[in-house]
Protein chains: 2
Amino acid sequence: MPRPRTRLLDRERIVAAALAELEVNGQLTMSAVSRRLSVHVSSLYEHVRDRAELVDLIREVVTSGLDEDLSEVPAGAGWREPLEQWLVSYRAAFARHPRAIGLLTTEPIRSHRAARGYDRVLGLLARAGVSPQEAMATLTALECFVLGSALDAAAPDAMVEVDDDDARGPLGEALRAEPSPERRADHAFTTGLRLLLDGLAASAPASSSS
Amino acid sequence: MPRPRTRLLDRERIVAAALAELEVNGQLTMSAVSRRLSVHVSSLYEHVRDRAELVDLIREVVTSGLDEDLSEVPAGAGWREPLEQWLVSYRAAFARHPRAIGLLTTEPIRSHRAARGYDRVLGLLARAGVSPQEAMATLTALECFVLGSALDAAAPDAMVEVDDDDARGPLGEALRAEPSPERRADHAFTTGLRLLLDGLAASAPASSSS
DNA sequence: ACCTGAACACCGTTCAAGT
DNA sequence: ACCTGAACACCGTTCAAGT
C-alpha cells in the first residue's frame with residue numbers, strides 16, 4: 001500500500017531515528033534508519049537528498065542551542081567564566097551524542113548561527129589579551145581540545161589498555177588512581193580546560209579575568 | 001593463473017597500498033586496496049584476518065618511532081622541553097597520514113611499546129608537579145588536544161566557512177589575519193601547545209621547567 | 001601456501017510504478 | 001506528494017577450487 005493517508009515520514013522523525021541508530025549501533029546506514037521507521041529505504045530519499053544531507057541535519061540538531069548562552073554575556077564581564085561556560089557546553093553538546101562525533105567533525109561548519117557564536121568568543125579572547133594575529137589560532141586550538149575531548153568521551157574506556165605486564169609500571173599506577181570510568185573523560189576535560197585557561201591568564205593583562 | 005611463483009602479496013605491501021589509498025581517496029576499502037595491487041579482493045584475506053586487522057597494522061606503521069625520542073631524556077633534564085617534543089612528534093606522526101586519523105582514533109591503544117612511552121611521559125608530568133591523582137587526566141587532556149589538532153590538520157581549510165555576510169564580523173576579520181592555509185593548522189597547534197605548557201608551568205614548583 | 005572466482009548478505013542511490 | 005519495489009554498482013567476507 002503505497003502512500004498511506006497518515007504521513008509516515010518527515011525530516012524530524014528521520015533525524016530522530018538516525019540519532020537512535022547511532023546511539024545503539026554506533027553507525028549510520030540508510031537501511032538501518034528505514035528499518036527503524038518500518039519503511040522502505042527508498043522512501044527516505046523523498047525527504048532527504050542523500051546521506052550527507054542527513055548528516056548535516058544531525059549536526060544542526062546536535063549543535064543547536066550552543067550559542068544562546070553566549071548572547072547574554074554582559075559587556076563589562078570578565079573573559080574567563082563565559083569562555084569556560086562556552087567550552088563546557090560545546091563539549092557537552094557533542095558528548096550527548098558521542099557516537100555521532102566522528103560523523104560531524106569531518107565537514108567544516110557553515111551556519112550563520114555558528115558564525116555569530118564565534119564572533120562573541122573572539123570578543124572574549126580579545127578581552128583576555130589575545131592579539132588579532134593569534135585570535136583564530138587560539139580559537140582553533142580551543143576547538144581542537146574540545147573535539148578531541150568529545151571523541152575521548154565517546155571511547156568506552158581509557159585511550160590506553162594495559163595487560164598485567166604493563167600494569168606494574170607508572171602507567172598502571174596512574175590508571176589505578178583514576179576515578180570511575182564514567183567520570184574519567186570528564187576529569188580529563190576539566191583538567192585540560194584549566195590548563196588552557198591558566199595559560200591564557202598567564203599572558204593576559206593583569207586583573208582582566210575576574 | 002592462481003598462485004604465481006613470484007609472491008604477489010605480503011602484509012607490508014598491503015599496508016602500503018592501504019595508506020596510498022587513504023591518501024588519494026580518503027577512505028579504506030578492501031576492494032580498492034586489492035585493485036591497487038592488481039589482485040583479487042579475496043587474496044588479501046590470506047595475509048590479513050579482516051579489515052580491522054589491516055587498520056591495526058596501519059596504526060602500528062603510523063605510530064612507530066614515536067617514543068624513541070623519549071627514551072633518551074636525561075634524568076636531570078627539565079620537563080617542558082622533552083614533553084613539548086613528544087607532543088610535537090605525536091601530532092606529526094598522525095599529521096603525516098591525515099586521512100587515516102579518523103580510522104585510528106576509534107580503538108584504544110594496546111601495544112607494549114606505547115605503554116612504555118606513556119610511562120616516560122608520566123615521569124615528566126611528575127617532574128612538572130602534577131599529582132598522581134591528576135596524572136592520567138593531564139595525560140589524556142594532552143592527547144585530546146593532539147588528536148583534535150591532528151584531525152584539524154586533516155581538514156583542508158578552517159573549521160569554519162563564512163559567506164560574505166559573516167565575513168564582515170569579527171570572525172571574518174580573524175580569518176583574514178590568518179597565515180596561509182598550509183600553516184593554519186600548525187599555527188593553531190603551536191598556540192594551544194604553548195597555552196597548555198604555560199598552564200602546567202603556572203602550577204608547577206618554581207624553577208623546575210628549565 | 002597463495003591466488004582466483006563465485007557466492008552471500010549487506011551498502012547508497014535511482015527510477016518507474018502505484019495512489 | 002509520498003511510498004513501494006526492482007534495479008545497479010558497490011561493500012566485506014567465506015569458501016571451494018586450482019597450482
Side-chain angles (χ1 to χ4, degrees), chain A residues 1-61 99-107, chain B residues 1-61 99-107:
Chain A
M1 25 72 174
R3 184 161 184 197
R5 32 184 169 24
T6 89
R7 208 175 210 275
L8 291 177
L9 257 43
D10 56 40
R11 292 162 83 98
E12 205 177 338
R13 266 177 279 203
I14 292 174
V15 170
L19 279 171
E21 184 58 27
L22 277 166
E23 190 167 343
V24 173
N25 289 324
Q27 51 184 325
L28 179 70
T29 71
M30 301 299 274
S31 308
V33 171
S34 74
R35 277 194 298 269
R36 195 170 276 273
L37 293 163
S38 303
V39 138
H40 203 186
V41 208
S42 52
S43 309
L44 298 176
Y45 292 83
E46 203 69 40
H47 302 267
V48 146
R49 182 203 293 279
D50 52 16
R51 189 175 175 279
E53 196 186 62
L54 178 53
V55 170
D56 279 340
L57 293 175
I58 293 172
R59 195 191 340 272
E60 261 182 52
V61 168
R99 323 208 28 194
I101 298 169
L103 221 58
L104 304 182
T105 51
T106 47
E107 287 283 306
Chain B
M1 27 69 174
R3 184 163 183 194
R5 32 185 170 19
T6 88
R7 208 176 211 277
L8 290 178
L9 255 43
D10 55 41
R11 291 162 84 97
E12 204 177 339
R13 266 178 279 203
I14 292 175
V15 170
L19 279 172
E21 185 57 28
L22 276 166
E23 189 167 345
V24 172
N25 289 325
Q27 52 184 324
L28 180 70
T29 71
M30 301 299 273
S31 307
V33 171
S34 76
R35 277 193 298 270
R36 194 171 278 272
L37 293 163
S38 303
V39 137
H40 202 173
V41 208
S42 52
S43 309
L44 299 176
Y45 292 83
E46 202 69 39
H47 302 267
V48 147
R49 180 201 295 276
D50 52 17
R51 189 176 176 279
E53 195 186 64
L54 178 52
V55 171
D56 279 341
L57 293 175
I58 293 172
R59 194 189 343 269
E60 260 183 53
V61 168
R99 327 220 8 206
I101 298 168
L103 220 58
L104 304 182
T105 51
T106 46
E107 287 282 308

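All chains are named by letter (A, B, ...) in the order of the sequence lines, taking the proteins before the strands, and each is independently numbered beginning at 1.
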Rounded to the Å, how far apart are [X] [atom1] and [N] [atom2]?
| X | N | atom1 | atom2 | answer |
| --- | --- | --- | --- | --- |
| Leu44(B) | dC3(C) | CG | C1' | 11 Å |
| Glu46(A) | dG5(D) | CD | P | 15 Å |
| Arg11(A) | dA1(D) | CZ | P | 15 Å |
| Leu8(B) | dT4(C) | CG | P | 7 Å |

With distance as the sole test, does [X] use its side chain to make a donor-acceptor pair with the main-chain N or O of [Y] at under 3.5 Å?
| X | Y | answer |
| --- | --- | --- |
| Arg51(A) | Leu28(A) | yes |
| Arg11(A) | Leu57(A) | no |
| Asn25(A) | Gln27(A) | no |
| Asp50(B) | Glu53(B) | yes |

Among the candidates dG5(C), dC3(D), dC3(C), find the nucleotide nearest to the side-chain atoms of Ser43(B).
-> dC3(C)
pair Ser43(A)-Leu9(A): side-chain heavy atoms closer than 4.5 Å | yes
Nucleotide forming a Watson-Crick or wobble pair with [N], both distances under 3.5 Å:
| N | value |
| --- | --- |
| dC3(D) | none |
| dA17(C) | none |
| dG12(C) | dC8(D) |

Quick tally for nucleotides 7-14 of chain D: nucleotides whose base has a protein heavy atom under 4.0 Å get B, sugar-phosphate-only ones S, the rest -, giving ----SSBB
Ignoring backbone atoms, establish whether His40(B) has a side-chain N or O less than 4.0 Å from OP1 or OP2 of dC2(C).
->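 False: His40(B) side-chain N/O out of range (4.0 Å or more) of dC2(C) OP1/OP2.
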Are Val33(B) and Met30(B) close enough, and set up right, to give a side chain to side chain contact (heavy atoms under 4.5 Å, CB included), and what steps lead you there?
-> CA-CA 5 Å; Val33(B) 171; Met30(B) 301 299 273; 5.7 Å; no
